[in-house]
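Throughout, a chain's letter reflects where its sequence line sits, starting with A, and its residues are numbered from 1. As a basis for the values below, the full set of heavy atoms in this structure was taken, side chains included, without hydrogen atoms, waters or symmetry mates.
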There are 2 protein chains.
Amino acid sequence: MSPSDAARAALNRELVLRAAMTLAGESGIESLSMRKLGQSLGVEAMSLYHHVANKDDLLDGMVDAVFAEVDLPAAGVGWKTAMRRRALSMREVLSRHGWAIGLMDSRTTPGQATLRHHDAVIGCLRAGGFSVGLTAHAFSAMDSYVYGFVLQERALPFGTAEQTAEVAQAMLAQFPAGAYPHLVELATAHVLQPGYDYGDEFEFGLDLVLDGLERAAARES
Amino acid sequence: MSPSDAARAALNRELVLRAAMTLAGESGIESLSMRKLGQSLGVEAMSLYHHVANKDDLLDGMVDAVFAEVDLPAAGVGWKTAMRRRALSMREVLSRHGWAIGLMDSRTTPGQATLRHHDAVIGCLRAGGFSVGLTAHAFSAMDSYVYGFVLQERALPFGTAEQTAEVAQAMLAQFPAGAYPHLVELATAHVLQPGYDYGDEFEFGLDLVLDGLERAAARES
DNA sequence: GGTACAGCCTTACACCGTAAGGACCCCGAC
DNA sequence: GTCGGGGTCCTTACGGTGTAAGGCTGTACC
């Protein structure tokens, strides 16, 4: 068995998924094609179909692999702390794999890691005394907020806090005079001030949701 | 000028956008191609490029057209009522044009209707006494929640409440025995009960956010 | 009457996902 | 030892995609 054979034998679903995630991170999900993915693995496109049913299956696997990276809610710290940490972890992972959020709207068959994660979240809330109904409310509210935040963060026309200034200023310069006065005020008086980072908005909204859930839970018992 | 000429002369950017939105609604955004869009307008694909710079511009226009359908926050009703109504309208519009939320993550150049909408929201909050900083917090929190909810709603493997039962039951049946116990409990004891509709979760989370903002605003003044 | 241009067209290219089927190699059965 | 089966990878091919390049025609204005 030659080294190149060994390299070939090593190819499997997980390696394909990992390479796809790397490629998506480097060049963007929209330029991820079976041919390029094969190329990055030293293999023809059609060979990938031995490890993945089709491209949709590949994308499903990528999303599930992202969920697998998210910390499960910790035990023994109270539901609020556990949920807060989990939300921060989820947001960090989704931001790191920015392509994932755009995939979620077309993926309707959750993978094992996704199911395991959801199960752990629900279990944590139930253990924290939430009724089944309130658990459903809480689950929906928290995840909606986290996904939506990442989506909005991604849709911003800039990545780092440093880029914000120039991009925003270029945009403002193109507005007709007097247009969107409140937007302009918010941008100039706040967003363009040194040190502003949209990412910092995450925890404010998260605590809004968590505090609200805490009150709802107290009202329930 | 013959009638067919008149029909041709009528083709413009807005008509192209409208046809694209109809097509996306009928057949899904992933099957929307320039050729099919041209066909639906009785025109060759390349002719569309006189009304739209490229496909990205088309998608930008579609998203902006969706924002144009959302009610602007009403004046004279207090920020909380206005924001609540706006959120309900946004969710209704985004659910109606289900393809839009998937487009948002790849669109970084907001259109006029989008900017006008955001400006009105910011103006409403400022008029309600929010500081610039709290306005940024509120804006981020509310929109994150709404977008995220629609995204999650879309990712569910069923559309109507009626479909829920059969799809969920088919899924549960495939789980290994004893797997995901909390998920199974939530599904059987709550989601699969008659009358459950995931869409009803929207207002609970929305009020969580709005009530939290009200407290934050009170704390500020 | 000439000319510019708007609107639509045809042709062509490089890319995409994947169906169909063939070559090779390892592994277990005889 | 050899024979067959199956896993892995390959080549080829088809029908789709977005869009660059350029041609044709009719209308609008100098």
Side-chain angles (χ1 to χ4, degrees), chain A residues 1-24 26-63 99 102-103 105-109, chain B residues 1-24 26-63 99 102-103 105-109:
Chain A
M1 187 188 272
S2 75
S4 74
D5 283 346
R8 288 194 168 184
L11 194 56
N12 54 34
R13 181 174 227 263
E14 200 196 318
L15 273 178
V16 171
L17 288 182
R18 226 196 288 281
M21 292 169 73
T22 303
L23 221 51
E26 286 169 356
S27 325
I29 189 77
E30 69 284 347
S31 86
L32 174 68
S33 74
M34 298 302 275
R35 285 177 234 259
K36 285 183 196 158
L37 178 55
Q39 201 176 349
S40 88
L41 288 162
V43 135
E44 295 301 314
M46 289 310 290
S47 303
L48 300 172
Y49 285 84
H50 283 268
H51 307 101
V52 136
N54 48 41
K55 191 171 183 184
D56 235 49
D57 182 37
L58 174 74
L59 298 178
D60 277 341
M62 290 168 72
V63 169
W99 42 267
L103 249 39
D105 109 295
S106 50
R107 246 106 285 291
T108 53
T109 46
Chain B
M1 188 188 271
S2 73
S4 74
D5 284 345
R8 287 192 169 185
L11 193 56
N12 55 32
R13 181 175 227 264
E14 201 197 317
L15 273 179
V16 170
L17 289 182
R18 227 197 289 280
M21 292 169 72
T22 302
L23 222 50
E26 286 169 355
S27 327
I29 189 76
E30 69 285 346
S31 87
L32 173 68
S33 74
M34 299 301 276
R35 285 177 234 260
K36 286 183 197 159
L37 177 55
Q39 202 176 350
S40 88
L41 287 161
V43 136
E44 295 300 315
M46 289 311 290
S47 303
L48 300 172
Y49 286 84
H50 282 269
H51 306 102
V52 136
N54 48 42
K55 191 171 182 182
D56 235 50
D57 181 37
L58 174 74
L59 299 179
D60 277 341
M62 290 169 72
V63 169
W99 44 266
L103 250 38
D105 111 293
S106 51
R107 247 106 286 289
T108 55
T109 46

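- Side-chain contact between B/Leu37 and B/Leu58 is present, with at least one heavy-atom pair separated by less than 4.5 Å.
- Atom pair A/Gln39:CD and C/dC15:C1' shows a separation of 13 Å (rounding to whole Å applied).
- Going from atom CG of A/Leu37 over to atom P of C/dC15 covers 17 Å, rounded to whole Å.
- The distance between atom CG of B/Asp56 and atom C1' of D/dT17, rounded to the nearest whole Å, is 15 Å.
- For D/dT8, neither phosphate oxygen OP1 nor OP2 lies less than 4.0 angstrom from any side-chain nitrogen or oxygen of A/Ser47.
- With rounding to whole Å, A/Met34 atom CE is found 6 Å from C/dT18 atom P.
- Among C/dT10, D/dT11, D/dT19, the nucleotide with an atom closest to any side-chain atom of B/Asn54 is D/dT19.
- Among the atoms of the strands shown, only primed sugar atoms or phosphate atoms (P, OP1, OP2) are found under 4.0 Å from some heavy atom of B/Leu32.
- Under 4.0 angstrom from either OP1 or OP2 of C/dC15 there lies no side-chain N or O belonging to A/Lys36.
- A straight line from CG of A/Leu48 to P of C/dC16 spans 13 Å, rounded to a whole angstrom.
- You won't find any donor-acceptor pair under 3.5 Å spanning the side chain of B/Arg35 and the base of D/dG16, going by distance alone.
- The CE-P distance, from A/Met46 to C/dA23, rounds to 17 Å in whole Å.
- Taking only side-chain nitrogens and oxygens, A/His51 comes nearer than 4.0 Å to OP1 or OP2 of D/dC9.
- Map B/Lys55 and B/His50 each onto its nearest nucleotide of DNA chain D; the residue landing nearer the 5' end is B/Lys55.
- Summarising the geometry of B/Lys36 relative to B/Ser31, their closest heavy-atom pair is NZ-O, 3.3 Å, with the distance given to 0.1 Å.
- For the pair B/His51/B/Leu17, no side-chain contact is recorded, criterion being any heavy-atom separation below 4.5 Å from C-beta on.
- In this structure, the CG atom of B/Leu11 is 5 Å from the P atom of C/dC8, given to the nearest Å.
- Taking 4.0 Å as the cut-off between side-chain N and carboxylate O, A/Asp57 and A/Arg13 count as a salt-bridged pair.
- Looking at heavy atoms from C-beta onward, B/Leu48 lies in side-chain contact with B/Leu41 at the 4.5 angstrom threshold.
- Out of D/dT19, C/dC9, D/dC9, the shortest distance to the side chain of B/Val43 is found at C/dC9.
- Atom CZ of A/Arg13 and atom P of D/dC9 are 15 Å apart (whole Å).
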